[in-house]
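None of the values given here were measured: they were computed from a predicted structure.
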Amino acid sequence: MGFTVNAESRNKFKQKAIGLLAANVLVWALTFTIYKMPSSFGVMFSAFTLPYLVYFALSDFGAARSATGGTSVPRVIGYYFVLSGAAMIVTLWGAASLLKFPPIFIATMIVFALLGLFLFIFLEFKPDMAEPTGLKSLNNMLILYAGTSALYLFTSTVLPQYEPENEIAKLKQATLSLAGADKETVIKAGAQVFKDFECFNCHNNAPGGEVKRGPNLSEIDMGKPEKITESIVDPYKEVLKPFADNPKVARSMPDYYGKQLSKDELVAMVTYLENLKSALHVSTENMPEGWWTNAAIVAEGQKLYEGVVNPDVACHVCHGKDGKPLFEGAPDFTKSPDMENLTEARWFQIIKYGYAKDNPMSAWGEMLSDEQIWKVAAYEWSFYSKGKLGKADPVERPKPEGTAAIQAKEKYWD
């Protein structure tokens with residue numbers, strides 16, 4: 001590898017570097033002013049373009065040129081594509097990971113970026129040939145366009161993409177109808193609308209969850225149904241006014257949901273959000289009224305316990321599908337006296353924070369909402385009611401009293 005550093009090569013690199021940096025400055029300026037794009041757009045633009053500085057340096061200073069000044073395909077690919085591509089992979093992967101893009105999206109983006117780099121290098125270092133003129137030049141351009149298109153289309157078929165059948169199914173799905181639906185059904189339908197329109201991208205709806213682009217909806221007062229409706233269909237009217245001096249926030253909420261949501265979808269969404277706090281903010285001291293004997297709650301607890309809802313939360317791996325422990329030290333839910341003696345507050349505490357500081361029992365508070373924790377407890381009680389009490393159907397659990405009652409402890413797990 002022979003670098004040639006002279007006034008001409010330095011001038012070439014300087015011009016390209018200034019142009020590239022100027023483009024970045026322009027994009028960042030537009031990001032925060034006219035277009036009001038999120039800063040992630042500017043970050044990814046810089047991550048994609050700045051690695052070309054490595055390529056420009058290698059190219060302009062003749063990294064792949066031989067002593068006689070010529071180049072060869074192996075030198076061009078080895079020095080320019082490999083080294084510049086490595087810089088591109090590092091910057092793109094680093095920036096996208098920092099912004100928490102999904103790994104498959106990062107990998108796909110890098111593959112297409114490397115294809116662009118490859119074509120860029122090919123056009124600059126194509127084999128020496130006489131410059132075509134007239135129809136021949138047009139013919140060459142069409143061949144290049146067809147070849148490039150074929151390359152990108154082939155890559156698209158190899159890389160993971162959205163399944164067309166799934167997307168078409170979404171478009172063809174039946175319009176939501178709330179005719180004759182009770183409140184619980186409407187709330188469940190609203191939760192599905194919230195999910196289908198991907199509101200979770202900007203708003204967390206779980207107590208204690210991190211604040212994303214917008215506030216955690218389970219921890220703020222959204223007001224009456226009319227106010228919630230307005231915040232969805234016309235957020236710029238009142239909701240975002242306090243942020244007028246911050247353009248990024250002031251224009252962050254889309255204003256097209258009023259057109260995209262049907263009347264019943266909007267009603268369902270508003271009802272869901274209106275009841276979100278009451279639904280999620282359950283007591284951490286006592287089981288919600290009637291849940292010990294609610295067969296539907298027990299069934300939902302079973303799905304959580306067995307990892308159906310979330311494979312990462314699978315209580316049966318240690319405690320057994322039948323409530324009998326698979327590991328030494330785990331309680332036998334079918335006969336342990338603790339099943340009667342634990343206060344509800346202590347039971348909840350063990351699931352959420354763990355049993356003790358150095359105990360194998362994990363803390364599940366990061367993966368289970370308070371509501372889900374109570375459902376798991378309701379299902380765990382069913383093991384005891386069947387095994388020790390001989391009751392097949394859910395039965396009420398008496399509140400422990402006296403010296404046998406196991407009370408909640410200090411938070412020694414913190």
**Q.** Audit row: E306, K321, side-chain contact (heavy atoms from CB on, under 4.5 Å) steps and yes/no
**A.** CA-CA 7 Å; E306 295 181 355; K321 278 197 172 185; 4.2 Å; yes
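- Across M269 and C199, no two heavy atoms sit closer than the pair CE-SG, 3.7 Å.
- In terms of heavy-atom proximity, W93 sits nearest to A107 at CZ3-N, 4.3 Å.
- Residues K188 and T185 are not in side-chain contact: their nearest non-hydrogen atoms beyond the backbone lie 4.5 Å or more apart.
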Give every donor-acceptor pair under 3.5 Å between a side-chain atom in residues 227-234 and any protein atom, sequence neighbours left out.
from	atom 1	to	atom 2	distance (Å)
T229	OG1	P225	O	2.8
S231	OG	I228	O	2.6

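- Side chain of T91 to main chain of M88: a donor-acceptor pair is present (N/O by atom type, distance under 3.5 Å, no hydrogens or angles).
- Here the options are W291, W381, F348, the test is ring-ring contact (aromatic ring centres under 6.0 Å, His included), and the partner is W374; only F348 passes.
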Q) What's the verdict on side-chain contact (heavy atoms from CB on, under 4.5 Å) for V54 and L58, showing C-alpha distance, side-chain angles and the deciding distance? A) CA-CA 6 Å; V54 175; L58 293 171; 4.0 Å; yes
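- Note that CD1 of I89 is 11.5 Å distant from CE of M109, once rounded to the nearest 0.5 Å.
- Between L178 atom CG and T271 atom OG1 the span is 7.5 Å, to the nearest 0.5 Å.
- A donor-acceptor pair under 3.5 Å is absent between the side-chain atoms of N294 and the main chain of G290, judged by distance alone.
- Less than 6.0 angstrom separates the ring centroid of F61 from the ring centroid of F13.
- Nearest heavy atom pair, residue C318 against residue A330, reads O-CB, 4.2 Å.
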**Q.** Pair M253-L240, side-chain contact (heavy atoms from CB on, under 4.5 Å): steps then yes or no
**A.** CA-CA 8 Å; M253 176 75 180; L240 293 177; 3.6 Å; yes
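- Contact of the D255 side chain with the Y236 side chain is registered, since non-hydrogen atoms from C-beta on lie closer than 4.5 Å.
- Residue Q349 holds its CD atom at 11.0 Å from CD1 of I373, rounded to the nearest 0.5 Å.
- In terms of heavy atoms, L114 sits closest to G85 at CD2-CA, 3.7 Å.
- Proximity of a side-chain donor or acceptor of D60 to a complementary backbone N or O of S9 within less than 3.5 Å is not detected.
- Note that CG of N6 is 10.0 Å distant from CG of N11, once rounded to the nearest 0.5 Å.
- Screening residues 310-333 for ring pair (Phe, Tyr, Trp, His ring centres under 6.0 Å) gives H319-F333 as the qualifying pairs, with residues at least two apart or on separate chains.
- In this structure, W347 has its ring center under 6.0 Å from that of W292.
- A distance of 10.0 Å separates OG1 of T293 from CE of M287, quoted to the nearest 0.5 Å.
- Side-chain contact between D338 and I406 is present, with at least one heavy-atom pair separated by less than 4.5 Å.
- With contacts defined as side-chain heavy-atom distances shorter than 4.5 Å, the pair S59/K12 does not qualify.
- Heavy-atom minimum distance, Q260 versus E265: O-OE1, 4.0 Å.
- Contact check for S177 versus D264: side-chain heavy atoms found under the 4.5 Å cut-off.
- In this structure, E344 CD and N286 CG are separated by 5.0 Å, a value rounded to the nearest 0.5 Å.
- Distance alone, capped at 3.5 Å, is enough to place a donor-acceptor pair between the R397 side chain and the M339 backbone.
- With sequence neighbours excluded, no residue forms a ring-ring contact (aromatic ring centres under 6.0 Å, His included) with Y257.
- With contacts defined as side-chain heavy-atom distances shorter than 4.5 Å, the pair D196/Q192 qualifies.
- F383 and Y305 have their aromatic ring centers within a separation under 6.0 angstrom.
- With respect to the salt-bridge test (charged N to carboxylate O, under 4.0 angstrom), the residues D370 and K352 qualify.
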Q: For L342 and I350, run side-chain contact (heavy atoms from CB on, under 4.5 Å): C-alpha distance rounded to whole Å, both residues' side-chain angles, the deciding distance at 0.1 Å, then the answer.
A: CA-CA 10 Å; L342 285 170; I350 290 172; 4.0 Å; yes
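- Under the 4.5 Å side-chain criterion, counting only non-hydrogen atoms from C-beta, V43 is in contact with W28.
- A tilted orientation is assigned to the rings of Y52 and F56, their planes being inclined by 30° to 60°.
- Residues F32 and S39 come closest through the heavy atom pair CZ-CB, 3.9 Å.
- A perpendicular orientation is assigned to the rings of F118 and F81, their planes being inclined by more than 60° (bins at 30° and 60°).
- Side chains of T49 and N24: a donor-acceptor N/O pair is present below 3.5 angstrom, by distance only.
- Side-chain contact between E380 and I351 is present, with heavy atoms from C-beta onward closer than 4.5 Å.
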